[in-house]
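Heads up: the structure comes next, in structure tokens.
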Amino acid sequence: MTITSVLVANRGEIARRVFATCRKNGIGTVAVFSDADADSPHVAEADASVRLPGNTPAETYLRGELIIAAAKASGADAIHPGYGFLSENAEFARSVIDAGLTWIGPPVESIELMGSKVESKKIMDAAGVPVLSELDPAAVTDAHLPVLIKASAGGGGRGMRVVRELSALEGELEAARREAQSAFGDPTVFCERYLETGRHIEVQVMADRHGGVWAVGERECSIQRRHQKVVEEAPSPLVQRIPAMREKLFDASRLAANAIGYEGAGTVEFLADEKGDFFFLEMNTRLQVEHPVTECTTGLDLVELQLQVASGEVLPDEQPEIRGHSIEVRLYAEDPAKNWQPQSGTVHHIELPGDPQEFSVLREQGVRLDSGVVDGSVVGVHYDPMLAKIISYAPTRTAAARLLASTLARTRIHGLRTNRDLLVNVLAHPAFIAGDTDTAFFETHDLEKLSTPLADTDAERLSALAAALADAAHNRASARVIGRLPSGWRNLPSQPQRKSYSTASGDYDVRYSLSRSGVLNAEGFDDVSLVSATAARVVLEQSGVQRSFDVAAYGSEIFVDSSLGPVALTAAPRFVDPSAEVAAGSLLAPMPGSVIRLGAALGDTVTAGQPILWLEAMKMEHTVTAPTAGVLVELPVAVGQQVEVGSVLARVEEPATEEEA
């Protein structure tokens, strides 16, 4: 059969990725989009697009009947599910086939067999694949702890919770079920023994309908947050160290694929120990987020192979050899230092240095960018906060890590807090360089230290000075009269100009004056002189060394990029609006979201750290706790209410002291 037009039943980065291969092969493209995604790049890039009314996944990307109707209306003859949403939903796959469309994925029976993580382990055990035994949540005892709760129908870390105390089991089960229902439409969860440290190794398989099965290569995805991968690489440094481990992994993966009559691209995931023993975790019956590292180390376009297999073509007799090393990082809009708190808002500007290749298989040393956002994109609360995947390829692992760290450090990201600094610190960490990357990496090496900003306080001070001078240059350039005079210049001695900025780590008060000839006099910067200044770039000389600071302002948000590290500043207003101040003890919404549960009632006495309410945002639950012990005197929200970032959710009033009384 010939595929002429593909509808991607997904959004963002993966939709753009599939479209790129379709265009390369002369195949038409169709996008679907929610109301929140109306301005998404994947919509603009498609040949045709169809609106799915609503915003939430349940209203849009999880509505299989709407997606099939969109394919029919647009003339698409095939559907690619991407990953997440309905990609591993057997009923959706069956409906696509029943509608006379080509399903770019495995057989329905294969999806069904692997759709339950409980049943899939039984199948793999019978096929001779090593497994970790599953536990009935009702039968878990202290002897089993710690245990991992997992959603049976999904992945991506949603519906997953680690339980170390038996008293917490029931509450975590309920929370995991809610997350699983929200993300996958199925609340079923199960438990298994949790290995505190281990290596997450997975094997990419590709199979055709004629009996050909490839074990294309392994990936290591051990560095994770909330059981969701953050850094992935191919090949695995652990597998590289242990003779014969790769062949055993490949044999087990081929056994897994053959056991269920698999076709297309899939991933067999294992948990391994340092000795090289491994256990089956699950099989993802779809393309993985981290597939680019396998593409770069094999030269294969996995999406192109998916299209060929779905068209009935036969895989070549020989699969390619592994070459070089590739590392991928997931750039998230989140604050790792604040319990991975997701961020929302506008991506004002995102720019990688050099000439990154977009959605391309790298065949020589370089950097690839797979992104779902462009300048002006808005990151909302309905979907995963991943902005982009940045991938390096080089002849050696050390070179790939160094290239990726340098690229990330010099990437300009304006508008949202991201995990960029964390990623750079991980890639440069001695343990990572040594290949010691187990699943407890963040706990072992101190998440707080790994989250340290690339720019230290001295760099922030200089960046604040540069921002002040850029603002002065802007004011001078836009002045309608006496524009040649320095900003704030007086013909008699006067007070210095003063501008205040805040960063995530502190506040900076910049006091400076400029002479008529442009000589800088800045308090606390005796060794700093001004070389040149425009609204966009300031060049400063410090102790004989010149550095450029690129400055971009978006209202009160100012982003300064230099070789000292990126700095995000917020300019303080000259006058504070009293109505904008909030009362002491107020709990503010850390992100936009929906109130899904209350943990206390108005008038209750609460303790410090006690959960007051739960927010759902970006398909994850977030607990808002009392900042101090006291009485809950305000609770202006209710279950089901949507709140914006910064909204007052509650207020806790501390009890009066004897002196105050």
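Numbers here simply count residues along the sequence, with the first being 1. Atom set for the values below is all heavy atoms of this structure, side chains included, hydrogens, waters and symmetry mates excluded.
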If you count heavy atoms of other groups shown closer than 6.0 angstrom to CZ of R209, is the number above 12?
yes

What are the two closest non-hydrogen atoms of A76 and L101, and how far apart are they?
O-CD2, 3.4 Å

In the structure I gave you, are the side-chain heavy atoms of F270 and S253 within less than 4.5 Å of one another anywhere?
yes

Shortest non-hydrogen separation from R219 to A234 and the atoms involved:
CG-CB, 4.1 Å

Does any pair with a residue in residues 2-15 pass salt bridge (charged side-chain N to carboxylate O under 4.0 Å, His left out), and if so which ones, sequence neighbours excluded?
R11-D37, E13-K389

In terms of ring plane angle, is the pair Y383 and F85 parallel, tilted or perpendicular, where the classes change at 30° and 60°?
perpendicular

H429: ring pair (Phe, Tyr, Trp, His ring centres under 6.0 Å) partners, not counting sequence neighbours:
F441, H445

Donor-acceptor pair, Q319 side chain versus A215 backbone, under 3.5 Å?
yes

Cationic N near anionic O, under 4.0 Å, E179 to R161:
yes

Any F442 side-chain heavy atom under 4.5 Å of L422 side chain
yes

Please give me the minimum heavy-atom distance between A127 and A259, naming the atom from each residue.
CB-CB, 3.9 Å

Let's go through E328 and V231 carefully: what are the C-alpha distance in whole Å and the side-chain angles of both, what is the deciding distance for side-chain contact (heavy atoms from CB on, under 4.5 Å) to 0.1 Å, and is it a yes or a no?
CA-CA 6 Å; E328 170 182 298; V231 181; over 6 Å; no

Is a donor on one side and an acceptor on the other found under 3.5 Å between the side chain of D208 and the backbone of G212?
yes

T60 side chain vs P53 backbone, donor-acceptor pair below 3.5 Å
no

For F278 and P130 the tightest heavy-atom approach is O-CB, 3.2 Å

Name all pairs fulfilling the salt bridge (charged side-chain N to carboxylate O under 4.0 Å, His left out) condition that reach into residues 94-106, sequence neighbours left out, sorted by first residue then second.
E91-R94, R94-E112

Q306 and side chain to side chain donor-acceptor pair (under 3.5 Å): which single residue from R286, H291, E263, H80 fits?
H80

Between the side chains of H325 and E233, does any donor sit under 3.5 Å from an acceptor?
yes

D77 side-chain N/O to T4 backbone N/O, donor-acceptor pair under 3.5 Å
yes

Selection residues 294-315 - residue pairs positive for salt bridge (charged side-chain N to carboxylate O under 4.0 Å, His left out), sequence neighbours left out:
R17-E295, R17-D301, K24-D301, E295-R368

Neighbour count >12 (heavy atoms, 6.0 Å) for atom CD, E65
yes

Could you grab the distance from atom CD of E119 to atom CZ of F190, nearest 0.5 Å is fine?
11.0 Å

Okay, side chain of Y61, backbone of G64: is any donor-acceptor separation there less than 3.5 Å?
no

If the condition is side chain to side chain donor-acceptor pair (under 3.5 Å), which residues does D436 pass it with, not counting sequence neighbours?
none

Is it the case that the side chain of D251 and the backbone of R254 share a donor-acceptor pair, with hydrogens and angles ignored and the cut-off at 3.5 Å?
no

Contact between V205 and M283 at the side-chain level, heavy atoms closer than 4.5 Å - yes or no?
yes

Nearest atoms (heavy-atom pairs only) where C22 meets L307
SG-CD1, 4.4 Å

Does W103 have any ring pair (Phe, Tyr, Trp, His ring centres under 6.0 Å) partners at least two apart in sequence or in another chain, and if so, which?
F92

Side-chain heavy-atom pair Q228, Y332 within 4.5 angstrom cut-off:
yes

Closest non-hydrogen atom pair between T297 and V293, with its separation:
OG1-O, 2.8 Å

Under a 3.5 Å distance rule, please check whether N25 uses its side chain to pair with a backbone N or O of I27 as donor and acceptor.
no

After noting the C-alpha distance and the side-chain angles of L315 and W214, does the key distance pass the side-chain contact (heavy atoms from CB on, under 4.5 Å) rule?
CA-CA 8 Å; L315 290 172; W214 283 358; 4.2 Å; yes

